[in-house]
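Residue indices begin at 1 and follow the sequence shown.
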Amino acid sequence: MNNTIKSIIKKNSVLTIDCGTRGLRGILFDEQGNELAKSEELFTGYYSKHFQWKEASPEMFWEALVKVVCELKVKQPDLFLTIRGMTVSCQRDVITVVDERGKPLRDFISWLDRRELTEPLPYPWPYDLLFKAIGFSGYAKSFSKTAHVNWIKVSEPDIWAKTHKVVFLSTYFLTRLTGNIADSRSNTAGHLPFDTKKKQWCGKYDVKSQILQMEPEKCYELTDSCEVIGKLTAEAAEITGLPVGLSIIASGTDKGCETLGVGALTPDIASISLGTQATVEITTKKYVELYPFYPAFAAVENDCYNPEVTIYHGFWMVDWYTKEFLDQTDPKDIHEILEGYLEATPPGADGLIHQPYWGREAFRPEARGTFMGFSEGHDKRHLYRAIIEGLGYALLEGLKLIERKTKVPIQAVGLSGGGSRSDGVAQIMADVLNRPVYRVQTFETTGLGAAIATFVGLNHYPDIKTASKAMIRKSQIFEPNPKNVIKYTEIYNRLYKQLYRRVKPLYQSYEKIR
């Protein structure tokens, strides 16, 4: 063995799998947080049996993982030898059911899937009285009807009878890798009866167990983050080319790892994800519910939580926009074109205002996307700017809610997700939020956060705080433009904040007649 290979093998790297809505990436990071290599596979296998359903086969996801890992080995054979551990971080609330061997009994139902039951599942009358007394009846019925676990139980009783465990996508990957049907507490984020405050499955008489009616024996095993959840099996090693017995570390969801990856480790630093779902969240040791009965997520750091506000169809709207208005454009040119649109249009989009509730918002179920202020002078450039600004207003609303609930002013915002790659978008966010906005050394912030958890799990660092200090570096800061801040603050206070309340009755009427 020559000296070059010997020196490479002495280095340490970890393999992170980042499985988002659009595709899956395998990324190698070293202990300084440097992105060493990456391979990506986009998903093409989603399908819809009915309007607004969205499913995909387990093999679509697994084959993507195998492909990116094998590509990394072919492209970077020397680096591949330095891998000391591996983790998986996934999009949230993507579920299926499995048998005793961990084999799926049906395809995965995506978080984007909007199927629902015609009626909520019945629960004992004392809970019905309780929900009415505390004003929770409407939310309870909505959650019951839209929870995919309830849909499977009611609509596919034969499959439900064979079900050993209900699992998320991350659980499925970890099962394929280790042979154990287990997942981390911070990966358990979705419509299952999980108590995020206690970070354990709900008891039989818990309110969530009445709404999400899943038998306790169908819950998978839970572990803490930053722990070895298992070792790579011989079967998985043969398929992926990774070594048998490689340590598989428990980390967290894509959003949780993004928050860690941008260094948002205290309540005064917010993490904004400009991904398919747009989110704003913080990390806090205090459990905080931003809305009544709406839990904070379990953070990757085991004694912390991530209170979050979600815009259901975040930068999905940009995908929609490019599909509808730039469908004949070379994909390589789209980023530059969209940046040009932002440069060519003024703050406020010449009076065009956008409210970005295009999907199933948790506490605005009747809401729809709205544009206000169209005139003959507007064109597709203004429409794009209004989409970005509208997301900024909605995220500002969430940020202010977090500040009210935590009593901690947010001083800065770390950006992640596909939208964070745009300088124009980043500057709009700084101006709308009126706070410094920054990016870190890699756009792969989910992978970086997952890598931090993995190095802690391998005992390379004693804790997340130490690992983060060594592995995260700010690469660019966008300061608010005072002139633009004044413009956006006026639009937000005088127009945007008033819009939902004014049009809510129309949304409700629309639901009745559509």
### Task
Report the C-alpha distance between Gln427 and Asp423 in whole Å, list the side-chain angles of each, state the deciding distance to 0.1 Å, and finish with yes or no for side chain to side chain donor-acceptor pair (under 3.5 Å).
CA-CA 6 Å; Gln427 187 59 56; Asp423 287 356; over 6 Å; no
### Query
After noting the C-alpha distance and the side-chain angles of Glu389 and Lys487, does the key distance pass the salt bridge (charged side-chain N to carboxylate O under 4.0 Å, His left out) rule?
CA-CA 12 Å; Glu389 291 176 342; Lys487 179 75 171 180; over 6 Å; no
Which atom pair, heavy atoms only, marks the closest approach of [X] to [Y]?
{"X": "Val154", "Y": "Leu121", "answer": "CG2-CD2, 3.3 Å"}
{"X": "Leu260", "Y": "Ser468", "answer": "CD1-OG, 3.6 Å"}
{"X": "Cys226", "Y": "Ile464", "answer": "SG-CD1, 3.8 Å"}
{"X": "Cys304", "Y": "Lys285", "answer": "SG-CG, 3.7 Å"}
{"X": "Gln210", "Y": "Pro124", "answer": "OE1-CD, 3.2 Å"}
{"X": "Thr87", "Y": "Ala250", "answer": "OG1-C, 4.1 Å"}

Measure the acute angle between the ring planes of [X] and [Y], then classify it against the limits of 30° and 60° as parallel, tilted or perpendicular.
{"X": "Tyr139", "Y": "Phe136", "result": "tilted"}
{"X": "Trp316", "Y": "His313", "result": "perpendicular"}
{"X": "Tyr393", "Y": "Tyr496", "result": "tilted"}

Taking the side chain as every heavy atom from C-beta outward, state whether [X] and [Y] have any pair of such atoms under 4.5 Å apart.
{"X": "Val300", "Y": "Ile452", "result": "no"}
{"X": "Tyr384", "Y": "Leu338", "result": "yes"}
{"X": "Ser225", "Y": "Arg185", "result": "no"}
{"X": "Pro122", "Y": "Asp128", "result": "no"}
{"X": "Val288", "Y": "Tyr305", "result": "no"}
{"X": "Glu339", "Y": "His335", "result": "yes"}
{"X": "Phe443", "Y": "Leu448", "result": "no"}
{"X": "Ile402", "Y": "Leu290", "result": "yes"}

Inspect the contact between [Y] and [X] and indicate whether a charged nitrogen and a carboxylate oxygen are less than 4.0 angstrom apart.
{"X": "Arg25", "Y": "Glu35", "answer": "no"}
{"X": "Lys323", "Y": "Asp319", "answer": "no"}
{"X": "Glu308", "Y": "Lys405", "answer": "no"}
{"X": "Lys465", "Y": "Asp463", "answer": "no"}

### Task
Check the pair Asp254 / Thr446 against side chain to side chain donor-acceptor pair (under 3.5 Å), numbers first and verdict last.
CA-CA 6 Å; Asp254 55 354; Thr446 292; 5.8 Å; no
### Task
Determine, stepwise, if the pair Glu116 / Trp151 fulfils side chain to side chain contact (heavy atoms under 4.5 Å, CB included).
CA-CA 7 Å; Glu116 59 181 66; Trp151 187 93; over 6 Å; no
### Task
Determine, step by step, whether Asp93 and His191 satisfy the side chain to side chain donor-acceptor pair (under 3.5 Å) criterion, reporting the C-alpha distance in whole Å, the side-chain angles of both residues, the deciding distance to 0.1 Å, and the verdict.
CA-CA 7 Å; Asp93 209 14; His191 289 72; 2.7 Å; yes
Is there a donor-acceptor contact under 3.5 Å from the side chain of [X] to the main chain of [Y]?
{"X": "Arg435", "Y": "Ile410", "value": "yes"}
{"X": "Asn434", "Y": "Val485", "value": "no"}
{"X": "Lys197", "Y": "Tyr287", "value": "no"}
{"X": "Ser89", "Y": "Thr253", "value": "yes"}
{"X": "Thr259", "Y": "Lys255", "value": "yes"}
{"X": "Glu289", "Y": "Ala296", "value": "no"}
{"X": "Ser475", "Y": "Arg439", "value": "yes"}
{"X": "Gln52", "Y": "Arg114", "value": "no"}
{"X": "His354", "Y": "Leu391", "value": "no"}
{"X": "Tyr127", "Y": "Tyr205", "value": "yes"}

### Message
Side chains of Tyr220 and Thr188: any donor to acceptor distance under 3.5 Å?
### Response
yes
### Residue pair Phe168, Trp111: steps toward the ring-ring contact (aromatic ring centres under 6.0 Å, His included) verdict
CA-CA 11 Å; Phe168 288 123; Trp111 65 271; over 10 Å; no
Using a 6.0 Å cut-off, check whether atom [atom1] of [X] has over 12 heavy atoms from anything other than its own residue.
{"X": "Lys286", "atom1": "NZ", "answer": "no"}
{"X": "Arg106", "atom1": "CZ", "answer": "yes"}
{"X": "Glu336", "atom1": "CD", "answer": "no"}

### Residues Glu490, Lys483; criterion salt bridge (charged side-chain N to carboxylate O under 4.0 Å, His left out); working and verdict
CA-CA 11 Å; Glu490 184 179 30; Lys483 183 179 178 180; over 6 Å; no
### Message
What verdict does the side chain to side chain contact (heavy atoms under 4.5 Å, CB included) test give for Tyr341 and Leu326, after you've listed the backbone C-alpha separation in whole Å, the side-chain angles of each residue and the deciding distance to 0.1 Å?
### Response
CA-CA 12 Å; Tyr341 287 176; Leu326 300 172; 3.7 Å; yes
### Query
How many angstroms lie between atom OG of Ser422 and atom CD1 of Ile428, to the nearest 0.5 angstrom?
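Spacing of OG (Ser422) from CD1 (Ile428) equals 7.5 Å.
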#### Entry: Lys380 NZ/CZ over Phe325 ring centroid, <6.0 Å and within 45° of normal
no
### Query
When you look at Lys208 and Asp206, which way does the salt bridge (charged side-chain N to carboxylate O under 4.0 Å, His left out) test go after all the steps?
CA-CA 5 Å; Lys208 273 191 180 179; Asp206 191 283; over 6 Å; no
### Task
Any chance you could lay out the side chain to side chain contact (heavy atoms under 4.5 Å, CB included) test for Gln277 and Thr21, step after step, and finish with the verdict?
CA-CA 9 Å; Gln277 261 189 359; Thr21 305; over 6 Å; no
### Query
Can we call the ring centroids of Phe108 and Phe61 under 6.0 Å apart?
yes
### Test side chain to side chain donor-acceptor pair (under 3.5 Å) applied to Gln355 and Tyr500, step by step
CA-CA 8 Å; Gln355 193 167 68; Tyr500 174 74; over 6 Å; no
#### Entry: Asp330 vs Lys332, salt bridge (charged side-chain N to carboxylate O under 4.0 Å, His left out): CA-CA, chis, key distance, verdict
CA-CA 5 Å; Asp330 188 325; Lys332 297 193 296 295; 3.0 Å; yes
### Message
As a quick check of understanding, evaluate side chain to side chain contact (heavy atoms under 4.5 Å, CB included) for Asp113 and Glu55, giving each step before the final call.
### Response
CA-CA 7 Å; Asp113 187 293; Glu55 299 180 70; 4.3 Å; yes
